[in-house]
Asks: 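Following this message is one structure expressed as structure tokens.
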There are 2 protein chains.
Amino acid sequence: MRVTVLGGGVIGLSVAWYAARAGYRVVVVDHGSPHGGSWVAGGMLAPITEAWPGDEDVLALGVESLELWPEFARALGVALSPVGTLAVAVDRADVEVLDQLCAYLGRMGRSASKVTGRELRALEPGLGPVRSGLSVPGDVAVDNRALLRALREACAGNGVVFASDTASDTASDTAPESGSESDVTVIAAGAWSRDLHPALRDVIRPVKGEILRLSARPGALPPPRHTIRAQVSGRPVYLVPREGGFVLGATQYEAGFDGDVTVGGVRDLLRDAEVVWPGIAEYGLAEVAAGFRAGSPDNAPVIDWLEPGVLAATGHHRNGLLLAPVTARRVLTLLREGGNSR
Amino acid sequence: MRVTVLGGGVIGLSVAWYAARAGYRVVVVDHGSPHGGSWVAGGMLAPITEAWPGDEDVLALGVESLELWPEFARALGVALSPVGTLAVAVDRADVEVLDQLCAYLGRMGRSASKVTGRELRALEPGLGPVRSGLSVPGDVAVDNRALLRALREACAGNGVVFASDTASDTASDTAPESGSESDVTVIAAGAWSRDLHPALRDVIRPVKGEILRLSARPGALPPPRHTIRAQVSGRPVYLVPREGGFVLGATQYEAGFDGDVTVGGVRDLLRDAEVVWPGIAEYGLAEVAAGFRAGSPDNAPVIDWLEPGVLAATGHHRNGLLLAPVTARRVLTLLREGGNSR
């Protein structure tokens, strides 16, 4: 059976790789945007610190996927950094929020422990004057760009054909460059999926995020060893360790496909990060970028048949990297059941 | 006579263009750094607002060069923007500084007039709460990258040969790729000139500057129509209008050839600019860059013979674009006199 995957981000490539290994003939069609969510992303695999009451389905899916990640990473030859997450409270209100999150995670049977400000600074001497926090040792991080490279290589090594397509054809119009018609099309184009099938039009929306890459310079404090998360002035900010520096994210805008990095976004990220990690001024600003998350009404992805011959694997919002293995596995199951394929 | 110009920035290209038009056979050798001062620069041609008591020689040279600019730009087909400069006072101390500058310029016979805060806001509605300022209507601006492109084309059109050289050979070792030995070498490599001749070693030093390019976005206030200059918290900041946005500069560091853009530099530029021009948050951050000015002990350029067959045209600090025509003219005079060439 021939499978055409629309989208060359982490979801599309993971689906393509799984399908190719299972014996399907796979073509990946990608429009090559520099704003792809998984290219711009920070690389946290953090179902627990992304969790919040009401998102139980996403938490469960994230925990399921995190269990698949070690084997997924091993097969790709990609390193997982066992960084753990420290969610830190900057003010009194944050302490209450983290208390609620800790209680919620306890009820869900998830491991997270409260730590004092003093303990936090022992773990991360570069932290600013934080009050207290949560330690979530199970969270890991991955270099998202190394992952995408490894996925492309793994796909190519399993016979996946890559086609480029800058037009946003609807799924039923799309024919890969090879000219062969596919038996199943998988829509895995992140935020752009909304334009690829009528059933996704009102379900998927772009949620822009701006993100910075900071590099340690001579004289700068070393980067954090843990992923650090906080809220500053109501804005979420995270620092994810990366070779030679860290990734600093992320803003959130719901304003369509506007890919500009804004002055206000960069200003807020730097300002907020400096509260949490005062040494950032001495870092190099190696990159500023904006990407589009694929938002959905309930923050959960859409992984299902849309019509005979057309599958969706999109709407992963902030969790595309985390949910890649479980998504690819589910798509493979749907392909194999095939009851709904044409 | 064969002339080898070391350096492909605005000084090197201007010298090469003048020399080629005068009949010399010219080779330009450039090492292709992304941190060249004239590539990164803002493009102000502002001898007066760069002036300060004690720098009379540089002011006189700048005024002389500004008079050459209209014909220089016309011959290159490059547009000069007659933006004028508004130097604005943010606090009471700034008012006194601008008063001193105004009195000094008056003594020098230069035109600059005091304007009230109210008049400033009438001229530039996007200004923040500034107290008063100086208006210098004679200052112009040029798109420095359009200028460099035009200079390269003009050079090529006049038979200049371009060679690339990534090594930092000393002038006496340098042979262009054509293999022909040159009669005169002109060292015009900006901050890198210090490594090209022993006589420049303790004279020229790199002065790093970070600069941002901001683009107007839908909903953002229009960019300034004038070049705006201010001091905020003791740090100089300028906004130079550019097609579709403006250039925001510039930090100053004396720390060798460190080409990183730092978080602290970007943070300060954005913070200071927002005081002067509060609407910047809605702009796009199109580019962050760092370049090296060629500092000299007295802020004046070195345009002279260093030894028989070796000329210097470097040390232009913040004034490389402004001083390009007068520098090229002086070098041409030195070449023609030739008394000191080998």
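In what follows, every chain begins at residue 1, and chains take the letters A, B, ... in the order their sequences are listed.
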Asks: What closest approach, in Å, do A/Leu285 and B/Val288 show between heavy atoms, and which atom pair accounts for it?
Replies: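 Nearest pair, atom of A/Leu285 first, then B/Val288: CD2-CG1, 4.5 Å.
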Asks: Chain A heavy atoms under 4.5 Å from B/Arg217: which part of the residue, side chain, backbone, both or neither?
Replies: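 For B/Arg217, the side chain is the part near chain A, not the backbone.
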Asks: Write down the atom of A/Val266, the atom of B/Leu270, and the distance for their closest heavy-atom approach.
Replies: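 For A/Val266 and B/Leu270, the tightest heavy-atom pair comes out as CG1-CD1, 4.1 Å.
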Asks: Looking at A/Asp258, A/Leu214, A/Thr262, which one has more heavy-atom pairs under 4.5 Å with chain B than the rest?
Replies: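 Highest number of pairs under 4.5 Å: A/Thr262.
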Asks: Output the distance between atom CZ (B/Arg271) and atom CZ (A/Arg267), rounded to the nearest 0.5 Å.
Replies: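 With rounding to 0.5 Å, CZ (B/Arg271) is 11.5 Å from CZ (A/Arg267).
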Asks: Go through the atoms of B/Glu210 and report whether side chain, backbone, both or neither lie under 4.5 Å from a heavy atom of chain A.
Replies: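 The answer is neither part of B/Glu210.
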